Amino acid sequence: MKVFGGLIAASSATLMFDSRMNASEGAKCFVGCQQELIQTYFRCQIEWGSGTDDFYRCYAGAEEEFERCWLDEETGCPDGCGKVCGPDFFAGTDLCYELLDQGIIEGDIPLTLCINKFALELITCAEKCICDVQTECECVPVQLPFLELPGGALFKNSKHSHAKFIDVQNSRTRASPSLPEEFVSMNAFEWDSLRLNPIPDPTPPEAANFTEIYCDCQALAEHRLYSCTPNTIQIIFTIIGICSVAFLLLKASLDLSKIIFSHLRKYNEKLRKGSEKLFSFRKGYSFETNAIHGGYEPSDANFNSVSPPIMTTSTYKMADIGIPDLTNGTYIYSRLGNPTRESLEKNIAKLENAKHGFAFASGMAAITACVQSLAQAGDHVICGDDVYGGTNWFFNNFAKKNGLEMDMVDTRKIEELNKKIKNNTKLVFLETITNPLLRVNDVPAIAKAVHEINKETLVIVDNTFLTPWNFQPLDHGADIVVHSATKYLNGHSDSLSGLVATNSDSIKEALFTAQVYLGGVPSSFDAYLVNRGIKTLHLRMQKHHENALEIAQWLDQCERIDTVWYPGLQSHSDFQTLKKFSKTAAGMITFTLKASENETRKFLQSTKIISLAVSLGGYESLFQHPYSMTHANVTEEHKEKIGITKSMIRLSVGLENAQDLIRDIKNAIRIALPEKEPPIKQLPNGS
């Protein structure tokens, strides 16, 4: 990946030199070998998958081959130049990435500028090497007084530090004025004077930080970038020429970078109409591709099966006594680890941009595992006041009985949330879109506020209603993301499962312990079904949203409907909040009828397409009565406080034809409320 990133930058350097140096052989060879290496890069990705150890081993071999073939005879270049010039370029590219990892340089554009510096050196080296071989000219090393920049400079503590010129006689350092201020992390460069003695001894002193090679051959006088006579003036003009070319190169690269990284940068612009990120430089492939291929490589399975196999075994034959390391793909008992389950866990980690993924037997098993393994008696936890009824009951009953202090708040109101955070607050739990009132929590703002008050407090986000296709909480400050994978991720209402993802190694250990000793893991068949469902998640979520928006718009104008909650409607109080971080509002609608409890019951019993059932997120549409079903165990006081009424209905919009669903709702209203038959109004699309 590092070399591929370097080639993006170096290709621009090649084109610059090619146009300025009479289509030199060095540039031609660079392009030829670059194309071969890029092909190898993509071959390794296809064969091994991006980011795997095998991929890096495959690509490392390609780098070595690249150096050997660099400027070889097949591309018309003298033998040996590639071995002379290639390794420094790779070493310089590695240096740039090391500086990026250490935080000395930050961002894609500074990284590209860093790599371009070594691309410039590469092309210059190749040109000089070719000229030397072709003309049998003897190259003479010339010591140029390059010094390192001070501690705050862009290229810090490096042999390859950005060049600065020294006034030898006055011992004053001056930097070239050719480079704009934004290219380095220091004040504007100055250049007072430059005095160089004639060419010194070819053997530079050991203390030298940098040397440049110039040909001392009269036959090469026509080459602009080479000093062919030991003349101080020519050397000075040579240096000025190099700096000018470097400035033009960096300026062109900056323009190119703005175009490239507008598509490749870490945080792509959220596209509101459901299109996914085209490419993520950090993650490799798009969401759609990761959903289909993430977490599984056919060559890793017996018989190279394209679909992940279902490993129904409970135990595994062992080669020796004792318990082996279970973190490296070794299996001894399926509660501790199973290949089918592991494929699903890797997949959700990929989709949530996480390092670690864990599968549990249900969404509640996932939540229980998080709380039981990360909080202990005496800790304080905060939970949103509008959450799934089972979550509400767990925190107010089971968690309290186990010694946890408990507060429930409207997590949208960050000031009130902040007042509840204590020194012993261990967890803050919330849903991205709440159940059943469909409020929207500003996850980025909430996570930031919580961590500013108490860095040790973990923010857990239930992302079931949005799914990672719409929003990835870990990228916005959350510590843990949980899913009831029974819902949208599976999408077929035929499996139970819960999923957790995190970037924390310590949380990873806690959750693995919960899998092993609490034991709430899914069967291999359930893991297979969820993994299968995820393959079409991006297609289904877009259709869920389109149908839900059309139905919500119809409900909003129906006179027999009292209130409609759908965050995709501009009339929703949290519409602007959701728009900041999510692609769509997904497929859940809540509304209240202008009806009594009995009329509401009759309405729910009168639909032909939409079934009355708990759960959500499947391909079929489902009605549900929160007051008496999902939130039946929530106290009457709490239901009244947050506004769950007996005439409230939650609709999970499926993948059917939206107009068929609207007609089904109209018909149920006619049956349940005959004297209140809804007037027939036409939407702009003719519904």
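Predicted, not measured: the structure shown is a model, and the values here were computed from it.
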Close side-chain approach of [X] to [Y], heavy-atom, < 4.5 Å:
{"X": "V428", "Y": "I460", "value": "no"}
{"X": "I589", "Y": "W565", "value": "no"}
{"X": "L578", "Y": "D442", "value": "no"}

Polar side chain donor-acceptor pair, [X] to [Y], under 3.5 angstrom:
{"X": "E546", "Y": "Q542", "value": "yes"}
{"X": "N598", "Y": "R601", "value": "yes"}
{"X": "S611", "Y": "E620", "value": "no"}
{"X": "Q659", "Y": "E550", "value": "yes"}
{"X": "H638", "Y": "N396", "value": "no"}

inquiry  = Quick check with a 6.0 Å cut-off and a 45 degree axis cone: is K639 positioned over the face of Y627's six-membered ring?
reply    = yes
Result of checking D385, D574, T432 against R439 for side chain to side chain donor-acceptor pair (under 3.5 Å) = D385
ask   = Quick one: OG on S523 to CG on N338, what's the gap to the nearest 0.5 Å?
value = 9.0 Å
note = When every non-hydrogen atom of L374 is compared with those of K426, the smallest separation belongs to O-CE, 3.0 Å
